[in-house]
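Okay, structure first, notes after.
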Amino acid sequence: MKDFDYAAATTVDEAVSLLAARGDRAKLLAGGTDILVQLRENLREADLVVDVKRIPELTELRFTPTSGLRLGAGVPCYQVYENVELAAAYPALADAARIIGGWQIQSRASIGGNLCNSSPAADSIPALIALGAKAHVAGPDGRRVVPVEQFCTAPGRNVLQRGELLTALELPPPARHGGSRYQRFIPRNEMDIAVVGTGVWVRLSDDGRTIAEGRIALGAVGPTPILAAEAGEFLQGRPATDDTFRRAGELARKSARPISDMRGPAEHRVHLVGVLVARSLAEAVARAT
């Protein structure tokens, strides 16, 4: 690992100033579970590492059933799934937070950091997309809000510009008769990088028989996580049955653009999309009822 300077910012403005001054040579440290490994293995280089764990705005976790969730970019994963009320309101996010590394990693790694690392196979991003999350960004030119489905631009790349950082994630209030689920396929327990990941959210009619709304997101089957818009729109007004789930899975397969690599051939991944979407929808509906 090459030497670098270290700074612990205490305000968003201070972090923005430090990042803007060093440009691409400055890197953020939230949990450190990605960036420290990347620096040690010379996958990335930095002249300055800016620690943002001391910024109150980035460690804020605020939830009410009427206003929704504001999740600071530095909040560690375990605080999501150990919060019973939060896990019940956004179960797909809790599903993802529970499987990002082991429990030691989850005590440091944050959902915001997982998003900013922008891996196509990141577990939290399909869940965030399915739940309609928005990313709050601060930078030298002020603040802006980006839908999470538009945040990642390429493997390991995202919309953050020089001097910008993610401050928080905003999720809408949980819907009445709503349910969500995140699942991934891995070939063995020791290999915890998703071959395919699927995040789904549904809102049922009052009688629980029909899907009023739905969103479906995919991970590890394209250069970025994918909102399967056509498959989600198909769900609207359809009966909450296995046949509907299967047909939505078939439509979601059309959105997948996987490559073949050491984790599996493209054809297998496309097949898995259909299987996991159908299963996830069935479980999301069960949670909604």
Side-chain angles (χ1 to χ4, degrees), residues 27-41 43-44 52-53 58-61 63 69-84 86-131 133 135 148-149 151-152 155-158 165-171 180-201 217-222 224-226 263 272 276 280 283-284:
K27 298 292 185 288
L28 282 176
L29 172 68
T33 57
D34 285 315
I35 188 62
L36 292 179
V37 173
Q38 293 163 355
L39 291 173
R40 185 176 65 237
E41 296 182 356
L43 299 174
R44 295 194 183 188
V52 296
K53 281 285 191 181
L58 271 70
T59 56
E60 177 186 24
L61 193 163
F63 167 71
L69 171 65
R70 187 174 180 90
L71 184 69
V75 174
C77 292
Y78 82 93
Q79 290 189 20
V80 174
Y81 63 77
E82 285 192 355
N83 186 314
V84 176
L86 188 62
Y90 307 102
L93 186 60
D95 293 337
R98 286 189 182 96
I99 57 175
I100 295 176
W103 62 266
Q104 299 96 331
I105 295 295
Q106 293 159 15
S107 69
R108 292 287 303 175
S110 67
I111 299 295
N114 196 236
L115 174 61
C116 290
N117 196 48
S118 301
S119 166
D123 287 308
S124 71
I125 304 179
L128 290 169
I129 293 173
L131 291 165
V148 169
E149 60 263 32
F151 190 86
C152 301
R157 297 184 179 275
N158 54 57
L165 74 155
L166 176 72
T167 60
L169 292 160
E170 177 190 0
L171 278 71
S180 63
R181 181 72 164 103
Y182 173 75
Q183 291 190 90
R184 70 180 181 189
F185 174 83
I186 53 176
R188 58 186 187 276
N189 288 337
E190 293 78 8
M191 183 179 179
D192 63 350
I193 299 175
V195 175
V196 174
T198 58
V200 306
W201 169 85
L218 313 175
V221 290
T224 65
I226 297 166
R263 288 179 287 141
L272 285 170
L276 288 184
S280 297
E283 294 181 28

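Here the structure is a predicted model, which is why all the values come from computation and not from measurement. Excluded from the calculations below are hydrogen atoms, water molecules and symmetry mates; all remaining heavy atoms, backbone and side chain alike, are included. For this chain, numbers begin at 1 and follow the sequence in order.
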- Query: What are the two closest heavy atoms between Leu115 and Val148, and how far apart are they?
  - Reply: CD1-CG1, 4.0 Å
- Flag the pair Val80 / Leu86 as yes when at least one side-chain heavy-atom distance between them is below 4.5 Å, and no otherwise. yes
- Query: What side chain to side chain donor-acceptor pair (under 3.5 Å) pairs are there with at least one residue in residues 87-106, not counting sequence neighbours?
  - Reply: Tyr81-Gln106, Asp95-Arg181, Asp95-Arg287
- Interatomic distance, CD1@Ile186 vs CZ@Arg263, rounded to 0.5 Å, equals 11.0 Å
- Value rounded to 0.5 Å, distance of OG in Ser180 from CG in Leu131: 4.5 Å
- Query: Which heavy atom in Pro76 sits nearest to a heavy atom in Ser107, and how many Å separate them?
  - Reply: CB-O, 3.6 Å
- Heavy atoms of Ala194 and Gly197 approach each other most closely as CB-N, 4.3 Å
- Gap between atom CD1 of Ile125 and atom CG of Asn114 - 0.5 Å precision: 6.0 Å
- For the side chain of Ser118 and the backbone of Cys116, is there at least one donor-acceptor N/O pair under 3.5 Å apart? yes
- Heavy-atom pair of closest approach, residues Ala88 and Pro91: O-CD, 3.5 Å
- Task: Quick one: closest heavy-atom pair of Tyr182 and Ala122, and the distance?
- Result: OH-O, 4.4 Å
- Message: Could you tell me if the side chain of Pro126 sits less than 4.5 Å from the side chain of Gln183, heavy atoms only?
- Response: no
- So CG of Leu169 and CZ of Arg70: to nearest 0.5 Å the spacing works out to 9.0 Å
- Item | Taking every non-hydrogen atom, the tightest pair across Ile35 and Leu28 | CG2-O, 3.8 Å
- State whether the side chain of Asp34 and the backbone N or O of Asn117 hold a donor-acceptor pair below 3.5 Å, judged by distance alone. no
- Task: For the residue pair Leu29 and Val52, establish whether any side-chain heavy-atom pair is separated by less than 4.5 Å.
- Result: no
- Item | Contact check, side chains of Pro155 and Pro120, non-hydrogen atoms, under 4.5 Å | yes
- When rounded to the nearest 0.5 Å, the distance separating CZ of Phe151 from CG of Leu166 is 5.0 Å
- To the nearest 0.5 Å, atom CG of Asp123 lies from atom CD1 of Ile100 at 5.5 Å
- Task: Kindly say whether Ile99 contributes a backbone atom to a donor-acceptor pair with the side chain of Arg184 at under 3.5 angstrom?
- Result: yes
- Heavy-atom distance under 4.5 Å between the side chains of Leu171 and Leu128, does that happen here? yes
